[in-house]
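Here is the structure we will look at.
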Amino acid sequence: MRYLKKIGVDTTEYSGRFMGASWYAANGWIAYEGALPPSRLNIVDGAVVELPEPEREVPPRVFSKLRIFEQLDSLGLWDAIGPQIESAGGEYWRLANDIREDHPKFSDVLAGLTSVAESNGIDIGEFLARCVMEA
C-alpha cells in the first residue's frame, strides 16, 4: 500500500516509515494500491485519479539531401524535379547537407516532391522514409 498527498499542484508519495492507517488519514494521506508513479496520479475530491500516459512528441525527421537525390535519380526523376527542388529550397537547399521536415523551406520542397511522386505512382511517405538520415 502506498500513500499519496496533493502538495501544491504535485501529487507526492509518502516515503517515511509506516505510521498506521489512522495517522495517514489524519494527516491527509490517501491510500493507493496501484503501480503508477506519482507523476501519473492526481488527487481530486479526496480520491486518487490515474492520469493517461502523456503523448510522446515525435521529433521531426531529418532527411539526407544526398538520399533524396539518389532516390530521385534511381527513378529517373532528378532531371525533371531537381531544378524545381533547388529553386524551392533556395540558398538553404544549396548550403545544407540535410533538411528537417519542420523547416519552412521543406514545405516548398515537399510540394514539388509530392506532385512528382503522385504523377509517377510513388508513395511519398515510403519515398521519404528511404531518405531519412541515419542516427
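Counting begins at 1 with the first residue of the sequence.
Residues that satisfy the side-chain contact (heavy atoms from CB on, under 4.5 Å) test with Pro38, not counting sequence neighbours, are Arg2, Glu13. For Ala80, there are no side-chain contact (heavy atoms from CB on, under 4.5 Å) partners two or more places apart in sequence or in a different chain. Remark: Pro52 pairs with no residue by the side-chain contact (heavy atoms from CB on, under 4.5 Å) rule, at least two apart or across chains. Partners of Asn42 according to the side chain to side chain donor-acceptor pair (under 3.5 Å) rule, which considers only residues two or more places apart in sequence or in another chain, are Lys6. Partners of Glu53 under the side chain to side chain donor-acceptor pair (under 3.5 Å) rule, at least two apart in sequence or in another chain, are Arg56. By the side chain to side chain donor-acceptor pair (under 3.5 Å) test, Glu55 is found to be paired with no residue, residues two or more places apart in sequence or in another chain being considered.
Each of Ile43 and Ile7 belongs to its own hydrophobic cluster when Ile, Leu, Val, Met, Phe, Trp and Tyr are linked at side-chain heavy-atom distances under 4.5 angstrom.
Minimum heavy-atom separation, Lys65 to Ala96: NZ-O, 2.7 Å. Of all non-hydrogen atoms in Leu41 and Thr11, the two that sit nearest each other are O-OG1, 3.0 Å.
Within the structure, salt bridge (charged side-chain N to carboxylate O under 4.0 Å, His left out) contacts touching residues 119-132 (residues at least two apart or in different chains) do not occur. Pairs engaging residues 74-94 under the salt bridge (charged side-chain N to carboxylate O under 4.0 Å, His left out) rule: Glu91-Arg94 [sequence neighbours left out]. Residue pairs that meet the side chain to side chain donor-acceptor pair (under 3.5 Å) test with at least one member in residues 20-37, sequence neighbours left out, are Tyr32-Glu50. Within the structure, the salt bridge (charged side-chain N to carboxylate O under 4.0 Å, His left out) test picks out the following pairs touching residues 100-111 (sequence neighbours left out): Arg61-Glu101, Arg100-Asp102.
Residue Val44 belongs to a hydrophobic cluster whose other members are Val49, with links defined by side-chain heavy atoms closer than 4.5 Å. With side-chain heavy atoms closer than 4.5 Å counting as contact, directly or through intermediates, the hydrophobic cluster containing Phe63 also holds Leu66, Ile68, Phe69, Leu72, Leu75, Leu77, Trp78, Ile81, Ile85, Tyr92, Trp93, Ile99, Phe106, Val109, Leu110, Leu113, Val116, Ile122, Ile124, Phe127, Leu128, Val132.
Although no hydrogens or angles enter the test, the distance criterion places no donor-acceptor pair under 3.5 Å between the side chain of Lys5 and the main chain of Ile30. In terms of modelled atom types and a separation under 3.5 Å, the side chain of Ser115 and the main chain of Gly112 share no donor-acceptor contact.
Atom CD of Gln84 is separated from atom OG of Ser87 by 8.0 Å, given to the nearest 0.5 angstrom. Atoms CD and OG, from Glu70 and Ser64 in turn, are 7.0 Å apart once rounded to the nearest 0.5 Å.
Residues Arg40 and Pro54 form a side-chain contact, since some pair of their non-hydrogen atoms from C-beta on lies under 4.5 Å apart.
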